[in-house]
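Protein chains get the first letters and strands the later ones, always in sequence-line order, with residue 1 at the start of each.
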There are 4 protein chains.
Amino acid sequence: MIQKFLSLEPEKQTRIINAALAEFSERGYKNASTNEIVKRANISKGLLFHYFGSKKKLFLFLYDYSMNLFLNDFYSKIDFSETDLIKKLRQAALLKIELIQKHPDLYNFILTSMVDDSFEIKPELEDKFKAIAREGYSRLFANIDVSKLKEGLDVRHVTEIIMWVGQGFGNRVLEQMKRDPDYKRDLDIQKFITEYDTYIAILKNAFYK
Amino acid sequence: MIQKFLSLEPEKQTRIINAALAEFSERGYKNASTNEIVKRANISKGLLFHYFGSKKKLFLFLYDYSMNLFLNDFYSKIDFSETDLIKKLRQAALLKIELIQKHPDLYNFILTSMVDDSFEIKPELEDKFKAIAREGYSRLFANIDVSKLKEGLDVRHVTEIIMWVGQGFGNRVLEQMKRDPDYKRDLDIQKFITEYDTYIAILKNAFYK
Amino acid sequence: MIQKFLSLEPEKQTRIINAALAEFSERGYKNASTNEIVKRANISKGLLFHYFGSKKKLFLFLYDYSMNLFLNDFYSKIDFSETDLIKKLRQAALLKIELIQKHPDLYNFILTSMVDDSFEIKPELEDKFKAIAREGYSRLFANIDVSKLKEGLDVRHVTEIIMWVGQGFGNRVLEQMKRDPDYKRDLDIQKFITEYDTYIAILKNAFYK
Amino acid sequence: MIQKFLSLEPEKQTRIINAALAEFSERGYKNASTNEIVKRANISKGLLFHYFGSKKKLFLFLYDYSMNLFLNDFYSKIDFSETDLIKKLRQAALLKIELIQKHPDLYNFILTSMVDDSFEIKPELEDKFKAIAREGYSRLFANIDVSKLKEGLDVRHVTEIIMWVGQGFGNRVLEQMKRDPDYKRDLDIQKFITEYDTYIAILKNAFYK
DNA sequence: GATGAATGAGGGTTCATTCAT
DNA sequence: AATGAATGAACCCTCATTCAT
């Protein structure tokens, strides 16, 4: 069924995908309206179901699509040769931000889908992305130069800590954006990076020889 | 209107609150069905609206109720006299876990409500809890013994990092629980604390003199 | 059941009657809320049904009550000895207006009840008031001095015409009041009578010798 | 939205219109049930709202529809060239009766809607029909031959009186019909006209030279 | 392939009425 | 007598999904 969709003229595919992505991320799974999607995509009601079968399957397709696109973009741009752990994590964090800015609807959709409990992602899909992530991680951290870390530090623990700090900092920024629309508009990416680097510096000091 | 509810026999109150809490946290605001709530609570449809007026007001009441209960419990048990930053944060983290285990539905509900975009919590309520949290924080960190930190470390940054690590660790555990119900059942709180303490030890080493 | 109501302290009776009268005339039968009535009357929900059994029976009681009161007032004040047809009809029309001004809620209620099709007045009640009206009419027109009419005029026809003109004029005024609240406030009863008398003069000229 | 409805097969349109017209006029706006309407029209619940959006819009559409149909029919059949006031009013009255007999549900609906306080017709619609009526009236009475009236009679007053008599007579007949279904079935239109003409004769005698 | 009219289960909400106290 | 908590049928409306064209 989705084969049919994929052999559509690309412009129409894009129109439909963007319409659905936007609607789902703006209103959540349950609240999103297939009526609204077809209106945004300028196609008929029947066609949507002709291609995707159900709202749920459409959502699942979008999840697959978004994750693939996001992860591919990510792993094609990351510099696997970097051996410094902190530099690599910093690079990953900044790349993530770059991708969010490049595909905001797509990212919002992924966020929404992780959060919407009205809905369970198909295990197969989850497994697929778990596998991609696992494989990506191992490649990412394969060639880390452990000798830079202070004695006795486990690299896994250190990695987790740095990532959690990155996430915590990111969430704080996102919350500020949510609360204060002005903040979002004026968000100076450079200022953001500078602040992030403060934390990085602290961690470097703490964990590096 | 809610006064009527509050002067009900406690058992019935509990039944209704639990039913609603469970339904909302399982299915999200929009998806939650008042039909299902009354069925779970074993009361008539009309009664729910007799007490709460609308689904929205019910949700708002639950939010208020849950937050109050959770925060009160938290702040009544925390040891404000502790001056060691890491000990205090560890204590807070463990207390939080204890509370989650004690009121799991309540915690799930709060999580859901923070995430559910189909619904905007009344700003007044949010402000109220923001105020409680802010005041709690300042009391919590009022008497920290800064002299234990290595020179040049900003206490705010250090606090944030430790909290983010706690959150990151907590999320990892919650995800495991979500993915694997067995894990949840067998969750050995002591094992959990031990693992958490590994991270705490690393951070202590990193930040303390 | 209504016996119980009638042996209530008069003040409470009045409170209930007025509350119900007002609610029904303001919002129509279906739209009227028993909740609102008990609130206005400051009695409990159960009591209303204790006395009247159902919303419908309450309405029926009010119909009976209002009609009785209105007709009694009317027939007690009309001058049956007047023999001039036009004077008698003019007197009746003005008396009606006086009563409307005296018991506006009551009159509104009667109007509402004649118009509300969501509801059928019990035939017994209708018959009762038909009988009263018929008997009143025959007394009213018993001693008319027919000799004043031009030759060949049937008194019944003339009476009907004059009454219809009165009604038509009245309706026109009511419509203006409905459309323009200012008109209602500024309504000068004397001006109203003067205009009415214009029509009366025309009819007198037309029908009297 | 209503465009969709208007491009439906006429038979279905009629079925829906008649069902709604009947339900509204039988039970009033508030009491009328959309459930009942769809049952009568033999369509699904959703379809009604697909076409009309809401009960209120459906009602408004019917009001517009009925008024247009009624007024168009009326003004297309009336003989504007008639210069005799009484003949013209008689013609109008009989035409009105003819139309009521032709579209009874439609007429009942209009009556109901004028009377139903649970609902305020959109001012725009009211204005529209006021304008039509006003323009119709002025055309209707433009070429009246005033010279036939007795000296000193104001044509406006005379017109009003004749119309009010027509209305009064009409109401009396309608009431008889309501009270006694047999009367309605046996209603001999010719007998009716004859009786009406009695009043017309009296008025002619009274007002014409 | 493409359309959009048509469906009907389910949603939140109201309210006259009942009944234990 | 008096209360008001409790009921549940009926209300209007939404929306994913189907299907004849």
- Query: Do B:Arg27 and B:Glu23 meet the salt-bridge criterion of a basic N to acidic O distance under 4.0 Å?
  - Reply: yes
- Note on the structure: To the nearest 0.5 Å, atom CG of B:Leu47 lies from atom CG of B:Asn42 at 11.0 Å
- Item | Check: D:Tyr29 main-chain N/O paired with D:Lys55 side-chain donor or acceptor under 3.5 Å | yes
- Residue list, salt bridge (Lys or Arg N to Asp or Glu O under 4.0 Å) with C:Glu9, at least two apart or on another chain: none
- Query: In residues 4-18 of chain D, which ones come under 4.0 Å of DNA chain E, going by heavy atoms?
  - Reply: D:Lys4, D:Leu8, D:Lys12
- Under 3.5 Å, side chain of B:Asp64 to main-chain N/O of B:Leu60, donor-acceptor pair present? no
- Where does DNA chain E pair, written as one dot-bracket string 5' to 3', with Watson-Crick or G-U pairs under 3.5 Å, ( ) inside the strand, [ ] for crossing pairs and | for another strand? .||||||||||||||||||||
- Item | Under the side chain to side chain contact (heavy atoms under 4.5 Å, CB included) test, residues paired with C:Asn108 that sit two or more places apart | C:Ser25
- Task: Quick one: list whatever passes ring pair (Phe, Tyr, Trp, His ring centres under 6.0 Å) with D:Phe109, sequence neighbours left out.
- Result: D:Phe59
- Determine, for nucleotides 11-21 of chain E in 5'-to-3' order, which nucleotides have protein heavy atoms under 4.0 Å from the base (write B), from only the sugar-phosphate (write S), or from neither (write -). SBBBBBBB---
- Query: So, D:Phe61 versus D:Phe5, ring centres under 6.0 angstrom or not?
  - Reply: yes
- Task: Could you tell me whether D:Phe52 contacts a base, only the sugar-phosphate backbone, or nothing, with contacts defined as non-hydrogen atoms closer than 4.0 Å?
- Result: nothing
- Message: Please report the distance, rounded to the nearest Å, between CD1 in A:Ile43 and C1' in E:dG1.
- Response: 12 Å
- Task: Given side chain to side chain contact (heavy atoms under 4.5 Å, CB included), test D:Lys12 with D:Ile43 step by step and report yes or no.
- Result: CA-CA 9 Å; D:Lys12 198 169 192 173; D:Ile43 58 169; 3.9 Å; yes
- Message: Would you compute the distance between atom OG of D:Ser113 and atom CG of D:Leu21 and round it to the nearest 0.5 angstrom?
- Response: 9.5 Å
- Message: Whole angstroms only, please: what is the CD-P distance between A:Gln3 and E:dG1?
- Response: 13 Å
